[in-house]
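Below is one structure, written out as structure tokens, with a few remarks after it.
Counting starts at 1 for both ligands and their atoms, following the listed order. As the structure is a prediction and not an experimental result, all values here were calculated from the model. The first residue in the sequence is number 1, and the count goes up from there.
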Amino acid sequence: MLLGQMMEMPLTITAIMRHAERVHQDGHISSITVDNPGHRITYGDAFARARRLANALQELGLQRGDRIATLMWNDYRHFEAYYAISCSGYVCHTINPRLFPEQLEYIVNHAEDRALLVDPTLLPLVERIADKLPTLRQIIVAGGAVPDSALPNLVAWEDFIGGASEDFRFPALDEREASSLCYTSGTTGNPKGVLYSHRSTVLHAMACASPDVLGIGSSDSVLPVVPMFHVNAWSTPYAAPMLGSNLIFPGPKMGDGETLAKLINGHGVSFALGVPTIWLGLLTWCRENDVTLEPLERVGVGGAACPLAIMDEFRERHGVHVQQGWGMTEMSPVGTFNVPRKALADLPLDNARQVQVLQGRTIFTVEMKITDDDNNELPWDNEAVGRLKVRGPGVCSGYYRLEDSETHDAEGWFDTGDVAAITPDGNLRITDRTKDVIKSGGEWISSIDLENAVMAHPAVAEAAVIGISHPKWTERPLMIVVAAGEAPSGEELRGFLKGKVADWWIPEDVVFVDELPHGATGKVSKLELRKQFKDYEAS
Ligand code: AMP
């Protein structure tokens, strides 16, 4: 073997920070926080504060690899915590505040978090379970003062770093060391921890930073409405400073259409990322208030299938191109991204829309395949539908402190739990979660395709389709709809679906509800819907 003669520089988050401090120190972060709705800081100053935080954390007597939790919204302090914690050799354990208290308790204890950085608005969640969290030594509350609380070990963030120096020598790290931890919000069983490394984080951020993925640069202002508390805000806290893009953070106002519209127009946001429900809220607010999103050029959407109706409204009303991505906690999280090839620009709009609604091609570093139940690989012909499996340096090889992982096969491929087809040119088309698949008369019906088709109806705000048992067909789809304004009849919706999906897919049963249940990451909870409709009798 002849080894190359190149420098062995470890791929660490510290290297991203060093690069950004040198070349993009004037790039900035704008945030809404509880103590300041219009905060702005340069990357240079944010990293200086991160070094003060690192100094203060060191005083807690922590060991390398210790877990430090964050329970925070997207803002500059959370950004500083990402870097101070990981670059010090500790593990930044981001916690989703929308989890149930029992799950929060389980997660903090399973990770054995030593300290917690928390937004004041989220402190009540901690107070409820604090006596059951024996490993937590220190709670640091974002802001300049500690709110009224009976908890003994609280300190205000600004006091905590107040006396700390800006000089801090971050340790030399092995690129394989753990950098961050995020628990999946699985619908069954306990949440499972995905432990990212410095190397996986840097490679993933570099892959995301390329033009055919996030496609951002130093002239962009990026609004991640995807949370930093779940799956690293799709790499934006790393990719943006790496490239010098400004970051615009909505703080606790993530779900507020008016705030998002004002941030976009007020800060010249060119690229925004979020789950479909966030965009539904923003589009509705803009429509009702006759506002257009002038500076916005592109929107990245993922986390759940994006209905064409959202893409169409962004294009028609705001001149914005929507790009769908797919991924999951176990994948850092981005797996695919849909950036159209140049040839598509010449296609008639209707054909281009059919491509736009796909989940896109894999980013470099991710490999994917689809298999049947016996693990035979299926062709990429957009027809064969099978289990979607992936591998790559940004894909988890197991779960934190969990001996057996049934999700990895003998060759190390990770079974995503998604069901998909792949087009001959490598575009992913997710049809379902394995657990949500509807099998009718021995054939599969895609709930996602049905939802997508019906959400194009102007009187439908949101829709979900689940399987209900049927004496003849084993299962039939039940369509559950939230109307936008006055509800159309089930018959009208059935008529609307004709020609858009196979006739035998069209649900006999359509019910209307006031709202759909959403889980901690903004996805419609089909588990909850199946519970709600378990006694529903198919007609
Ligand atoms: P999470 O680990 O919480 O990020 O959830 C990952 C899951 O969300 C995936 O396994 C998919 O089931 C779903 N998902 C993510 N993005 C998409 C998408 N663009 N279309 C359909 N499902 C998606």
Problem set entry | Test of ring centre spacing under 6.0 Å for Y238 and H204 | no
For this session: Only counting residues at least two apart or in another chain, list the ones meeting side chain to side chain donor-acceptor pair (under 3.5 Å) with N452.
Result: none
Between ligand 1 and the protein, give all atom pairs where both partners are nitrogen or oxygen and the distance is under 3.5 Å, as lines of names plus distance to 0.1 Å.
| residue | atom | partner | partner atom | Å |
| --- | --- | --- | --- | --- |
| ligand 1 | 2 (O) | T329 | N | 2.9 |
| ligand 1 | 2 (O) | T329 | OG1 | 2.6 |
| ligand 1 | 3 (O) | H230 | NE2 | 3.0 |
| ligand 1 | 5 (O) | K523 | NZ | 3.1 |
| ligand 1 | 8 (O) | G303 | O | 3.4 |
| ligand 1 | 8 (O) | K523 | NZ | 3.2 |
| ligand 1 | 10 (O) | D418 | OD1 | 3.3 |
| ligand 1 | 10 (O) | D418 | OD2 | 2.7 |
| ligand 1 | 10 (O) | R433 | NH1 | 2.8 |
| ligand 1 | 12 (O) | D418 | OD1 | 2.6 |
| ligand 1 | 12 (O) | D418 | OD2 | 3.3 |
| ligand 1 | 12 (O) | R433 | NH1 | 3.4 |
| ligand 1 | 14 (N) | G303 | O | 3.4 |
| ligand 1 | 16 (N) | G303 | N | 3.0 |
| ligand 1 | 19 (N) | Q324 | OE1 | 3.0 |
| ligand 1 | 19 (N) | G325 | O | 2.7 |
| ligand 1 | 20 (N) | A305 | N | 3.3 |
| ligand 1 | 20 (N) | Q359 | NE2 | 2.9 |

Exercise. How long is the gap from CH2 on W413 to CG on L388, to the nearest 0.5 Å?
Worked result: 9.5 Å
Seminar exercise, completed: Residue set satisfying side-chain contact (heavy atoms from CB on, under 4.5 Å) with W473, at least two apart, ordered chain then number -> S440, H470, R476
Seminar exercise, completed: Those residues at least two apart in sequence (or on a different chain) that pass side-chain contact (heavy atoms from CB on, under 4.5 Å) with D415 are R387, K389
Exercise. In this structure, which one of Y183, Y82, F229 forms a ring-ring contact (aromatic ring centres under 6.0 Å, His included) with H93?
Worked result: Y183
